[in-house]
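As structure tokens, the structure follows; a few thoughts come after it.
Predicted model only: the values in this text are computed from it and were never measured.
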Amino acid sequence: MFALDGVEEGHSTVSPATSRAVHLTGRPEERTPEVNLSPGRRWEPVHLHGVDDTSVHLVLAPERGVRLAELGWLEPHGYADFGTEWMLYGPRDEAELAVVVGIIEESLAYARG
């Protein structure tokens, strides 16, 4: 996910130290708080949890998140403040990896507006 256009890797301000944050380049200010996992701080729409947990925490439009949850790809995050925070399951194979990357791209597009 760090090879995607318009992103850079960084430290998460809301997840354990082993987590890797995706920050949007050229966009220092969040559009609205519900598109940032760390409202009021550096714009972080996605982060990958530590090396022992390959799940991804990201933001998505609530209706899209509900649909993907129905399809078994993710679940609402336990600390959701806006209904836009989701836990995306780690992929088990190359086919699932392609889907996960697609959902991450969708999250980044949602965050950008």
Side-chain angles (χ1 to χ4, degrees):
M1 70 184 163
F2 298 110
L4 298 173
D5 288 334
V7 303
E8 63 185 18
E9 182 178 356
H11 295 286
S12 175
T13 60
V14 293
S15 196
T18 57
S19 297
R20 299 166 57 199
V22 175
H23 298 291
L24 300 178
T25 57
R27 306 284 296 267
E29 300 297 323
E30 66 189 12
R31 184 169 53 83
T32 58
E34 64 270 7
V35 298
N36 187 0
L37 298 173
S38 180
R41 294 181 246 166
R42 187 166 183 199
W43 203 350
E44 182 181 331
V46 179
H47 61 242
L48 172 68
H49 290 134
V51 295
D52 295 325
D53 175 0
T54 59
S55 65
V56 174
H57 186 186
L58 51 70
V59 296
L60 283 171
E63 60 278 0
R64 181 63 175 149
V66 167
R67 180 66 182 131
L68 289 170
E70 291 170 349
L71 294 170
W73 286 102
L74 50 76
E75 63 185 54
H77 192 279
Y79 296 107
D81 293 323
F82 302 101
T84 58
E85 303 94 337
W86 303 90
M87 295 296 299
L88 177 62
Y89 301 122
R92 296 171 291 189
D93 57 36
E94 292 293 321
E96 287 186 1
L97 177 61
V99 173
V100 166
V101 171
I103 294 170
I104 290 168
E105 289 176 312
E106 189 175 339
S107 172
L108 296 171
Y110 172 67
R112 289 182 180 109

Handout entry: Trace of the side chain to side chain contact (heavy atoms under 4.5 Å, CB included) decision for Ile104 with Leu88
Key = CA-CA 9 Å; Ile104 290 168; Leu88 177 62; 4.2 Å; yes

Exercise for the section: Could you walk me through whether Met1 and Val7 pass side chain to side chain contact (heavy atoms under 4.5 Å, CB included), step by step? Expected result: CA-CA 8 Å; Met1 70 184 163; Val7 303; over 6 Å; no

Practice task
With side chain to side chain contact (heavy atoms under 4.5 Å, CB included) as the test, would you mind laying out the steps for Thr32 and Phe82 before giving the verdict?
Solution key: CA-CA 11 Å; Thr32 58; Phe82 302 101; over 6 Å; no

Handout entry: Verdict with reasoning, Leu97 to Val101, per side chain to side chain contact (heavy atoms under 4.5 Å, CB included)
Key = CA-CA 6 Å; Leu97 177 61; Val101 171; 4.1 Å; yes

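Inter-residue side-chain proximity for Pro62 and Thr84 is flagged as met; some heavy-atom pair is nearer than 4.5 Å. Contact annotation: the side chain of Val99 never approaches that of Pro91 to less than 4.5 Å [non-hydrogen atoms, C-beta and beyond]. Val59 is not listed as a side-chain neighbour of Val46, based on a closest heavy-atom distance of 4.5 Å or more. Considering only heavy atoms from C-beta on, Pro39 comes within 4.5 Å of Glu30 through its side chain.
Atom CG of Asp5 is separated from atom OG1 of Thr25 by 8.5 Å, given to the nearest 0.5 angstrom. Note that CD1 of Ile103 and CG of Leu68 are 4.5 Å apart. Values are rounded to the nearest 0.5 Å. One distance of note links CG of Leu37 with OG1 of Thr13; it measures 8.5 Å at 0.5 Å rounding. Separating the CG atom in Leu58 from the CG atom in Leu108 is a distance of 8.5 Å, to the nearest 0.5 Å. One distance of note links OG of Ser19 with NE2 of His11; it measures 11.0 Å at 0.5 Å rounding.
In this structure, Trp43 and Val35 approach most closely via the heavy-atom pair NE1-O, 3.1 Å. Nearest heavy atoms, Met87 versus Ser55: CE-OG, 3.5 Å. What you find for Gly90 and Glu96 is that their closest heavy atoms are O-OE1, 4.3 Å. Minimum interatomic distance between Leu24 and Ala111 (heavy atoms only, all atoms of both residues): CD1-CB, 4.3 Å.
Criterion: ILVMFWY side-chain heavy atoms under 4.5 Å apart, direct or through other members. Under it, Tyr79 and Val56 are not part of a common hydrophobic cluster.
Listed for the Glu106 side chain is no donor-acceptor partner under 3.5 Å among the backbone atoms of Gly102.
Pairs passing the salt bridge (charged side-chain N to carboxylate O under 4.0 Å, His left out) check and including a residue from residues 31-50, sequence neighbours excluded, read Glu8-Arg42. Note on residues 84-113: no pairs pass ring pair (Phe, Tyr, Trp, His ring centres under 6.0 Å), not counting sequence neighbours. Sorted by first and then second residue, the ring pair (Phe, Tyr, Trp, His ring centres under 6.0 Å) pairs with a member in residues 48-73 read His47-His49, His47-His57, His57-His77; sequence neighbours excluded.
Under the salt bridge (charged side-chain N to carboxylate O under 4.0 Å, His left out) criterion, Glu105 pairs with no residue, sequence neighbours left out. Partners of His23 under the side-chain hydrogen bond (donor to acceptor under 3.5 Å, both in side chains) rule, at least two apart in sequence or in another chain, do not exist in this structure. For Glu70, the salt bridge (charged side-chain N to carboxylate O under 4.0 Å, His left out) partners at least two apart in sequence or on another chain are Arg67.
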